[in-house]
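Structure first, then comments.
Only heavy atoms go into these numbers, but all of them, side chains included; no hydrogens, no water, no symmetry mates. Protein chains get the first letters and strands the later ones, always in sequence-line order, with residue 1 at the start of each.
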Amino acid sequence: MAETDGFFDRVYRVVRAVPEGRVTTYGAVAAAVGAPGSSRMVGWAMNKAFSHASFVPAHRVVNRQGRLTGKHAFPGQRTMQEMLESEGVRVENDQVVDFHERFWAPPSLDIK
DNA sequence: GCCCTGACGGGAT
DNA sequence: TATCCCGCCAGGG
């Protein structure tokens, strides 16, 4: 167990585990933290993530369609896309190109 | 303590 | 295949 058992902290841990140049979905993260169906909470956690001390690659988390639904939460509406492209992830029309190939499934924390 | 909202997802229509 | 509706849980008014 980690020092933090909070739902949000679990989400942060999973998101932080997303490799650079890869993306994951809210649903996948939710399932990884043992709360399948609570994908909304993941997004909520991401919003709060900006207040979090450690850096959380929230830009690597997109919805099931591979769409940058959370871009509006960044300083600039284009920041999220810029960050992704900066890591090698091509984004077109607010949507991740080859999303299925870029998708990365996070390991379940449930295992432990 | 109740009601509404919210970076979503999936099943039903 | 597109659209609608309901369910998830936490936080704020």
- Shortest non-hydrogen separation from A:Phe7 to A:Val33 and the atoms involved: CE1-CG2, 4.0 Å

- Message: Which label fits A:Tyr12 and A:Phe8: parallel for a plane angle under 30°, tilted from 30 to 60°, or perpendicular past 60°?
- Response: perpendicular

- Item | Leading and trailing nucleotides of DNA chain B with any atom under 4.0 Å from heavy atoms of chain A | B:dT5 to B:dG10

- Message: Membership question, hydrophobic clusters at under 4.5 Å side-chain separation (ILVMFWY): are A:Val29 and A:Phe103 in the same one?
- Response: no

- Query: If you pin A:Ser39 and A:Phe8 to their nearest nucleotides in DNA chain C, which one's is more 5'?
  - Reply: A:Ser39

- Sole residue of A:Arg60, A:Arg102, A:Arg22 in salt bridge (charged side-chain N to carboxylate O under 4.0 Å, His left out) with A:Glu87: A:Arg60

- Item | From A:Val14, A:Val18, A:Val62, A:Val42, residue fulfilling side chain to side chain contact (heavy atoms under 4.5 Å, CB included) relative to A:Thr24 | A:Val18

- Query: Under 4.0 angstrom, heavy atoms only, what part of the nucleic acid is A:Arg40 near: base, sugar-phosphate, or nothing?
  - Reply: base

- Message: Rounded to whole Å, please give me the gap between CH2 in A:Trp44 and C1' in C:dG7.
- Response: 15 Å

- Contact check, residues 66-89 of chain A vs DNA chain C, heavy-atom distance under 4.0 Å, returns none

- Task: Tell me, with the steps shown, if A:Arg90 and A:Asp98 meet side-chain contact (heavy atoms from CB on, under 4.5 Å).
- Result: CA-CA 8 Å; A:Arg90 280 192 302 171; A:Asp98 296 326; 4.0 Å; yes

- Message: So which atom in A:Leu68 and which in A:Leu84 form the shortest heavy-atom distance, rounded to 0.1 Å?
- Response: CD2-CD1, 3.7 Å

- Send over the distance from A:Met41 CE to C:dG7 P, rounded to a whole Å. 15 Å

- Touch class at under 4.0 angstrom, heavy-atom based, for A:Ala45 against every strand present: nothing

- Task: Just call it for A:Asn63: base, sugar-phosphate, or nothing, with non-hydrogen atoms closer than 4.0 Å on any strand.
- Result: sugar-phosphate

- Do other residues, nucleotides or ligands put more than 12 heavy atoms under 6.0 Å from A:Arg64 CZ? no

